[in-house]
There are 2 protein chains.
Amino acid sequence: MNESNPTVFIVDDDASVRKSLERLIKSVGFNAETFTSAEEFLSRKPYGGPSCLILDVCMPGLSGIDLHKKLTREEIPIPIIFITGHGDIPMSVKAIKNGAVDFLPKPFDKKELISAINQAIDRDVHTRKLLIEKEEIQHRLNTLTPREFQVLRWVITGMLNKQIAYELGVTEKTIKVHRGRVMQKMQIDSVAELVRLAQKVGIAPPNK
Amino acid sequence: MNESNPTVFIVDDDASVRKSLERLIKSVGFNAETFTSAEEFLSRKPYGGPSCLILDVCMPGLSGIDLHKKLTREEIPIPIIFITGHGDIPMSVKAIKNGAVDFLPKPFDKKELISAINQAIDRDVHTRKLLIEKEEIQHRLNTLTPREFQVLRWVITGMLNKQIAYELGVTEKTIKVHRGRVMQKMQIDSVAELVRLAQKVGIAPPNK
DNA sequence: ATTTAAATTGGACCTTGGTCCAATACGGGT
DNA sequence: ACCCGTATTGGACCAAGGTCCAATTTAAAT
């Protein structure tokens with residue numbers, strides 16, 4: 001069990017389900033870790049590597065649905081595969097619309113579950129990659145002064161320095177200096193890259 | 001019945017369902033148009049305004065699911081709301097994952113259906129807006145010569161004219177001319193706009 | 001064979017972007 | 001009182017972008 005290998009977390013109040021899932025998952029080469037309740041899962045320390053969550057819908061205490069909501073609210077984007085013995089269509093529809101990877105009624109086909117797990121892990125790897133990228137960008141953005149950030153937002157509109165200068169009520173010279181520092185701090189050397197970078201973290205142009 | 005008002009298409013083999021749905025939909029101010037089969041719907045001329053499709057899953061001939069697949073394959077992005085009397089969870093999950101707006105078992109709550117219809121129409125309005133924008137961009141792109149398009153792809157990387165010239169084995173002068181024509185034909189005047197525009201239609205930088 | 005579109009390049013010239021050095025001004029914090 | 005980060009601006013200077021006019025070459029189309 002190491003953190004570079006994908007881990008599948010299993011939350012189900014039924015011991016036999018936990019056991020069989022754990023065996024199945026380990027047999028295909030993933031780490032598996034089981035929990036008897038949503039609360040127990042929440043108290044686990046955050047996992048660093050790629051992972052996903054197999055979650056029973058109905059459980060005493062916090063239900064699987066509740067846990068999903070909570071994770072969404074707290075922006076913990078771990079991919080979720082629901083399993084359930086007593087689900088209905090509206091419930092499954094809602095779960096998928098809220099971002100669950102799959103929703104499998106018990107008993108389910110092993111191949112289907114494995115397929116869902118692979119999808120979930122792939123999604124998590126992708127999500128993590130984007131997240132890390134965003135954090136790196138954000139870190140550099142935080143080194144900008146307020147004025148520099150303001151200039152950045154105008155620069156990505158494609159306006160000329162003199163136009164930006166007019167908008168901010170300063171001289172073109174000043175914009176040049178701010179702009180130069182923005183590029184230096186963001187560690188790039190073209191407007192094209194700045195535009196893409198701003199897009200990735202959702203920086204909008206000024207309201208005018 | 002005019003094309004600026006949203007229209008809801010109803011496809012169901014059950015006459016009573018068609019009738020009640022039509023009444024409900026007209027009562028909230030949308031146009032409604034009914035069809036007794038998927039085939040009948042397909043033979044209708046394309047609708048210009050915002051619309052969505054309420055689709056029975058089980059029907060003689062082409063089923064609702066089949067129709068959904070066909071529309072997806074042919075890139076007809078009309079939002080779909082499934083209704084069904086005999087659906088199961090895997091079916092509903094699959095439908096939503098394939099992009100359906102909702103999946104409602106009969107009998108359904110009127111408010112739920114109306115809510116789903118509003119979502120579907122909103123989605124369609126949004127999709128159409130993006131589509132029109134993409135088409136406008138594509139139209140301008142089609143006026144570019146192969147070489148100009150090639151230069152465009154290098155320009156959006158943020159490279160200098162001299163670097164692009166080296167990549168293409170020509171002089172900087174040549175790149176300047178192509179680049180100028182690209183900006184003129186695309187009707188923009190900054191690299192920033194070019195980058196965003198390229199992003200919208202999914203133009204990738206060169207493979208190097 | 002003539003025409004046409006595309007690609008290429010040169011020269012001249014102007015605008016814009018970017019940098020280096022330097023200076024002033026203002027507000028916080030030690 | 002003094003230092004530091006931030007914002008501002010100027011001068012000088014060079015690199016890069018962009019445009020106008022003009023010319024050549026080549027391949028495709030009529």
Please find the earliest and latest nucleotides of DNA chain C, in the 5' to 3' direction, that have an atom within less than 4.0 Å of any heavy atom of chain B.
C:dA6 to C:dG11
Donor-acceptor contact present, side-chain B:Arg153 to main-chain B:Ala204, <3.5 Å
yes
Roughly how far apart are B:Ile80 CD1 and B:Ile83 CD1, rounded to 0.5 Å?
12.0 Å
Value in whole Å for how far the P atom of D:dT19 lies from CZ of B:Arg181
11 Å
Return no unless some side-chain N or O of A:Thr145 is found under 4.0 Å from OP1 or OP2 of D:dA7.
yes
Please work out whether the ring planes of B:Phe82 and B:Phe103 are parallel, tilted or perpendicular, with thresholds of 30° and 60°.
tilted
What is the distance from NZ of A:Lys176 to P of D:dT9, rounded to the nearest Å?
14 Å
Specify the separation, in whole Å, of atom CD1 of A:Ile164 and atom P of D:dT8.
13 Å
Taking for A:Lys162 and for A:Val177 the nucleotide of DNA chain C with the nearest heavy atom, the one nearer the 5' end belongs to A:Lys162
Trace of the side-chain contact (heavy atoms from CB on, under 4.5 Å) decision for B:Asn31 with B:Tyr47:
CA-CA 12 Å; B:Asn31 298 327; B:Tyr47 182 67; 3.9 Å; yes
Starting at CD1 of A:Ile65, measure out to SG of A:Cys58 and round the result to the nearest 0.5 Å.
8.0 Å
Phosphate oxygens OP1/OP2 of D:dG17: is one of them under 4.0 Å from a side-chain N or O of B:Asn161?
yes
Give the intermediate values and the outcome of side-chain contact (heavy atoms from CB on, under 4.5 Å) for residues A:Ile175 and A:Val151.
CA-CA 7 Å; A:Ile175 299 302; A:Val151 171; 4.3 Å; yes
Measure NZ/B:Lys173 against P/D:dG17 and give the value in whole Å, please.
13 Å
Hydrogens and angles aside, do A:Arg181 and A:Gln184 bring a side-chain donor and acceptor to less than 3.5 Å of each other?
no
A:Phe149 CZ to D:dA7 P, in whole Å, measures 13 Å
For the side chain of B:Arg23 and the backbone of B:Arg18, is there at least one donor-acceptor N/O pair under 3.5 Å apart?
no
Atom CE of A:Met183 to atom C1' of D:dA16: distance rounded to whole Å?
14 Å
Find the distance B:Met159:CE to D:dG17:P and express it as a whole number of Å.
11 Å
Counting distance only, does the side-chain N/O of B:Thr174 pair as donor-acceptor with the main-chain N or O of B:Val170 below 3.5 Å?
no
Within the 4.0 Å heavy-atom criterion, would you say A:Thr174 contacts the bases, only the backbone, or no part of the nucleic acid?
base
Let me know the distance between NE2 of B:His178 and C1' of D:dG18, rounded to the nearest Å.
15 Å
Counting side-chain heavy atoms from C-beta on, which of D:dA16, D:dT8, D:dT19 comes nearest to A:Arg147?
D:dT8
For DNA chain D, which residues in residues 187-199 of chain A have a heavy atom at a distance below 4.0 Å?
none
